[in-house]
Amino acid sequence: MFRVKAFCLIEAIHLATGCPRLAGRLIHPAVVCHVHHWTKRSTDSMWSYRTGPNSSGEAGVSALQTKIMEQGELPVLLVNEVGGVRGVLKAHVEFLKKHFHLITMKEFLKNKKHWSKKVQAIYLWWHKPIIDRELLESLPDLKVIANSGVGMDHLDLKLISSFGVKMANAPHAVSSSTADTGMALLLASARRLVEGCQTAVSPDTECFADDLLGDEVTGATLGIIGMGSIGYKIALRAKAFEMKILYHNRNRRTEEEERAVGAIYCTKIEDLLQQSDFVMLVVSLTPQTHKLIGKRELELMKPTATLINISRGPVVDQDALVEALQTGVIKAAALDVTYPEPLPRDHPLLKLKNILITPHLGIKTDKTTRMITEEAVANILAALNGLPIPNEVFP
Amino acid sequence: MEEQELPYVLIDTIGGTHGVYEDHVEFLKKHFTLITMKEFLENKNHLSEKIKAIYMWWHKPAANQELLRSLPNLKMIATSGAGMDHLDLKLISSFGVKVANTPFAVSSATADLGMVLMLASARRLVEGCQIAVSPNTEHFAADWLGDEVTGATLGIIGMGTIGYMVAKRAKAFEMKILYHNRNQRKEEEERAVGAIYCKKIEDLLQQSDFVMLVVNLTPQTDKLFGKKELELMKPSATLINISRGPVVDQDALVEALQNGVIKAAALDVTYPEPLPRHHPLLKLKNIIITPHIGSATTSSRRLMMQNMVESILAALNGFPIPNEVIP
C-alpha cells in the first residue's frame with residue numbers, strides 16, 4: 001500500500017516541479033518517511049507486520065536506508081535561520097550541508113506544502129525554532145529534534161514525544177566551556193576585575209588608590225549546587241585553587257569521584273549555604289529547581305558570600321536576589337543567566353554595584369559551538385539511521 | 001614609659017591612597033611604636049637615633065641616601081610585596097641595613113589574578129559585562145564568540161613561586177603548559193603540573209595561545225619582551241603581564257596590538273602606573289588593563305603585613321630573618 005502512495009508522490013513531485021531528478025532524489029527519503037510514519041501510527045497488528053524481525057517491512061526500510069546512503073540522498077534539516085542574531089552560525093553551514101539539505105523556517109513557511117513531508121530533523125539554535133503543536137503537526141515525518149547545548153527546559157518534552165519524535169541534547173560539548181565561565185565569573189567577581197578595568201582606563205584616574213581590595217579565592221570555600229558534568233569540572237578547577245569544595249546534588253557521587261576533587265557532600269543544602277564563600281548554581285532547570293534559590297536560601301548564605309549562576313535564570317528568585325543584594329544579605333552576585341535575557345533595561349539588577357552580569361556566554365567559543373554542532377549532527381544521523389542516539393533525552 | 005619599650009618603626013602614613021591600612025594599625029602597635037614620616041620630619045633630632053626599622057608599604061617611605069643617612073641605628077627595611085626593583089639594594093647594604101620582602105604572601109593572589117586575566121580576556125568578559133548592562137542592548141548576538149581556555153596552550157615565562165602556582169591552576173583547565181625560566185625545574189615538579197621546559201623562548205612563543213609573564217624585573221628582564229618576541233607569537237595569541245610594566249616594550253606592544261601581530265593583551269602592570277590618560281594603550285579595543293591588583297586581597301595584604309612584622313622582629317632580635325633579600 002505504501003508503494004502506491006510513494007508512486008503517487010513521485011508522480012506529484014514530477015508534475016509539480018517538472019524535474020524528474022528531483023523526484024528521484026526525493027523519493028527515497030519520502031518512502032522511508034512513509035514507512036516510519038506508517039509504523040508510528042499503526043495498530044499493534046500492523047506494527048508487528050511492518051517491523052517484526054521477519055517482516056519484509058523492516059527489511060524494506062533498512063534496504064531503503066542503505067539505498068539512501070548509497071545514492072547520497074541528504075535528509076532535510078530544518079533550522080530557524082542562518083546568521084543574524086539567533087541564527088545557526090554561518091561558519092557551521094558548510095559542515096551541516098555535508099550531511100543535510102538545509103532549509104530555514106522562512107523557506108519552510110514559504111512553501112509549506114512542499115517541505116512539510118520532507119523535514120526529518122530540526123536543529124535548534126538558541127531555542128529556535130519554537131517547537132509547538134502547530135509545527136509538530138505540520139511535520140509528519142519529523143524524526144528527531146536536536147538541541148544545541150544541554151538545557152532542555154525550553155522544550156515540551158512530553159508533547160514532542162507524543163508525536164513520536166525523538167529528542168537529543170549536546171551535554172559533552174558544553175561542559176568545559178561552561179565550567180570555565182563559572183570559574184571566570186567567580187574570579188572576576190572576587191577580584192573586582194570589571195571595577196579595576198574601569199579604574200585603569202577612566203579619564204578621571206590620577207593615581208591607583210590602594211582601595212580595590214578583593215577577596216581571596218585560593219583557600220576559600222566553594223559550594224557547588226548541581227554536581228553533573230559541568231559541576232564536576234568546576235570542582236576539578238577549583239581544587240587547583242586549593243578551594244574547599246562542598247556540593248549538593250540529587251545523588252551523591254562515588255567515593256573516588258569525591259576524593260579526586262576533595263569534595264564533601266552536603267545532604268542538606270543549608271549546610272552548604274552556611275559554610276560557603278562562593279555558591280555556584282550548576283543545575284538543570286526543572287520544576288524542582290525552579291526558584292531553588294529564594295529569600296530563605298539567600299538568608300542562609302554568609303553575608304560575605306557571592307552567588308554565581310551559570311545554570312538558568314529561573315533557578316533564582318530574581319526579586320529576592322535584588323533585595324538581598326540591596327540590603328547586604330549577601331555580598332555580591334555574578335550571573336551569566338537571567339530571565340529574561342537580556343533583562344529589561346530598567347531592571348533593578350542592572351543598577352546594582354555588587355553584581356556582575358554576562359550575556360549568557362557559557363558556551364560561546366568557536367571551539368565549543370563547533371563541538372555542539374558536531375554532537376547534534378551525530379545525534380541526528382543516528383536517529384535518522386535507526387541507531388541508538390548518543391545523547392537521547394526522554395520526557 | 002611602656003610605649004618606649006617597643007621598637008621605633010618608621011612608616012610613611014596611615015590611611016589615604018597608599019598608607020598603612022587602618023585595620024592593620026592595631027596589630028602593628030602591639031609590636032612597634034609607629035612613627036609617621038610627618039612626625040619624623042617634625043622631630044628629627046629626637047627620633048633620628050630611635051628608629052630601628054622601616055616598614056615600607058607600597059614603596060613608601062623611599063629609602064634614599066638622605067633618609068638612610070638620617071637613621072644611624074636603622075637595622076632593617078621590610079618592604080611589602082615581592083618586587084625589589086624600587087630599592088637600591090647595594091646602597092642600602094652599604095649602610096649595613098638588611099632588607100626583607102614578602103614573596104610568598106603575594107603568590108597565590110597574584111597567580112589567581114593571572115588566571116582571571118587570561119579567562120577574562122579569552123572569554124571577552126569585560127566586553128560581555130558592558131553588553132549585558134548597556135542601555136542599547138536589545139538582544140545577545142549568537143555569533144559573539146570568545147576563545148576556549150580549556151585545552152589551549154599556556155606559555156609561562158618565569159617559573160618561580162608565582163609561575164608554578166599559575167601552572168597548577170592552568171593544569172586543572174587541561175591546558176598544555178610550556179615554560180621558560182633561567183633554570184629548569186626538577187622533573188617531579190614538571191610532572192606534577194605537566195609542564196614542558198622550553199630552553200629557547202622562541203619555542204614557547206611560537207606554540208602558545210596564551211603567554212604569561214611572571215618574572216622579576218631585573219636588568220636582564222627589562223624590555224625582555226619586545227618587537228621580536230611579539231612577532232614570534234601566534235597572531236591568535238594573547239599576552240598577559242602580571243610581573244612589571246618595564247618587562248614589556250610598551251611601544252612595541254601598542255604597535256603589535258594595532259596591527260594584529262598578536263590578538264590581545266591583558267596587563268595588570270604598566271609603566272607608569274597609572275598610564276597617562278592619553279596613552280595609546282588605553283584606546284585599544286583588544287586590551288584589558290587592571291590597576292596593579294595582583295596581591296590586592298584583604299587576606300593577602302594582612303599576611304604581607306604579618307610577614308613584615310616577623311622579619312623586622314627577627315632582625316631586631318638577632319634571629320635569622322625570614323624572607324631576607326641578599327643583594
Side-chain angles (χ1 to χ4, degrees), chain A residues 83-90 125-126 176-177 179-181 183-185 187-188 190-194 196-197 199-201 203 205-219 236-242 341-343 345 350 356-361 364-369, chain B residues 16-19 21 58 108-109 111-113 115-117 119-120 122-126 128-129 131-135 137-151 165 168-174 268 270 273-275 277 282 288-293 296-301:
Chain A
V85 173
R86 299 205 134 212
V88 164
L89 297 178
K90 285 189 179 150
W125 193 260
W126 285 111
S176 297
S177 182
D180 290 355
T181 301
M183 291 304 295
L185 284 175
L187 284 159
R191 300 301 297 272
R192 301 171 69 179
L193 188 93
V194 177
C197 290
T199 300
V201 303
T205 294
E206 292 177 15
C207 70
F208 289 158
D210 188 21
D211 61 354
L212 210 62
L213 289 188
D215 293 322
E216 194 82 25
V217 169
T218 292
L236 280 166
R237 283 147 180 72
K239 178 173 192 280
F241 288 78
E242 297 166 52
E341 285 170 12
L343 289 166
R345 300 293 87 188
L350 298 181
L356 204 92
I357 305 176
T358 45
H360 202 150
L361 49 76
K364 284 183 163 176
T365 69
D366 283 309
K367 187 175 176 189
T368 294
T369 49
Chain B
T17 55
H18 282 100
Y21 296 164
W58 246 246
S108 56
D112 290 354
L113 192 81
M115 291 300 294
V116 73
L117 283 176
L119 284 160
R123 301 303 297 274
R124 301 171 71 178
L125 198 97
V126 180
C129 289
I131 291 169
V133 303
S134 162
T137 295
E138 294 177 11
H139 52 252
F140 295 154
D143 57 356
W144 183 95
L145 303 174
D147 292 322
E148 197 82 29
V149 169
T150 292
M165 282 190 165
K168 269 203 208 145
R169 285 147 178 71
K171 177 173 193 281
F173 288 76
E174 300 166 51
D268 186 42
T270 58
E273 286 169 9
L275 289 167
R277 299 296 84 189
L282 298 181
I288 52 178
I289 306 176
T290 44
H292 201 151
I293 48 172
T297 68
T298 319
S299 50
S300 286
R301 295 282 163 87

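The chains referred to below are lettered A, B, ... by the order of the sequence lines, with proteins before strands, and numbering in each begins at 1. Excluded from the calculations below are hydrogen atoms, water molecules and symmetry mates; all remaining heavy atoms, backbone and side chain alike, are included.
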Take B/Arg301 and A/Asp210 through the test side chain to side chain contact (heavy atoms under 4.5 Å, CB included) and record every step on the way to the result. CA-CA 11 Å; B/Arg301 295 282 163 87; A/Asp210 188 21; 2.7 Å; yes
Start with the C-alpha distance between B/Leu145 and A/Thr368, add both sets of side-chain angles, then the distance that settles side chain to side chain contact (heavy atoms under 4.5 Å, CB included), and finish with yes or no. CA-CA 10 Å; B/Leu145 303 174; A/Thr368 294; over 6 Å; no
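Considering all non-hydrogen atoms of both residues, B/Asp112 and A/Glu216 come closest at OD2-OE2, 4.4 Å. Counting all heavy atoms, side chain and backbone alike, B/Leu119 lies closest to A/Ala184 at CB-CB, 3.9 Å. Residue A/Leu213 comes nearest to B/Thr297 through the heavy atom pair CD2-N, 4.0 Å, listed as atom of the first residue, atom of the second, then distance. The two residues B/Cys129 and A/Leu356 come nearest to each other via the heavy atoms SG-CG, 3.9 Å. When all heavy atoms are compared, the tightest approach of A/Asp180 to B/Arg123 is CB-NH1, 3.8 Å. Pairing each heavy atom of B/Thr150 with each of A/Lys367, the nearest pair is O-NZ, 3.8 Å.
A heavy-atom distance below 4.5 Å is not found between the side chains of B/Ile289 and A/Cys197.
Of all the listed residues (A/Val88, A/Leu350, A/Asp366), the one sharing the greatest number of non-hydrogen pairs under 4.5 Å with chain B is A/Asp366. Contacts with chain B were tallied for A/Ala238, A/Gly84, A/Gly196; A/Gly196 has the most, counting heavy-atom pairs under 4.5 Å. Of the listed residues (B/Ala141, B/Gly146, B/Ser299), the greatest number of heavy-atom pairs within a distance under 4.5 Å of chain A belongs to B/Gly146. For the set B/Val126, B/Asp143, B/Leu125, B/Ile288, the entry with the most heavy-atom pairs within less than 4.5 Å of chain A is B/Leu125. No other option in A/Thr369, A/Leu361, A/Asp215 has as many heavy-atom pairs under 4.5 Å with chain B as A/Leu361.
Heavy-atom distances place the backbone of A/Pro203, and not its side chain, under 4.5 Å from chain B. Looking at A/Leu89, the atoms closer than 4.5 Å to chain B (heavy atoms on both sides) all sit in the side chain, from C-beta outward. In this structure, chain B has heavy atoms under 4.5 Å from both the backbone and the side chain of A/Thr181. Contacts of B/Pro135 with chain A are made by backbone atoms alone, with heavy-atom separations under 4.5 Å and no side-chain atom involved. Heavy-atom distances place the side chain of A/Glu242, and not its backbone, under 4.5 Å from chain B.
With values rounded to the nearest 0.5 angstrom, A/Met183 atom CE is found 5.0 Å from B/Phe173 atom CZ. The line from CZ of B/Arg169 to CZ of A/Arg237 is 14.5 Å long, rounded to the nearest 0.5 Å.
The backbone N or O of B/Ala142 lies less than 3.5 Å from no partner atom in the side chain of A/Arg86, so there is not a single donor-acceptor pair. A distance-only check finds a donor-acceptor pair linking the side chain of B/His18 to the backbone of A/Phe208 [under 3.5 Å].
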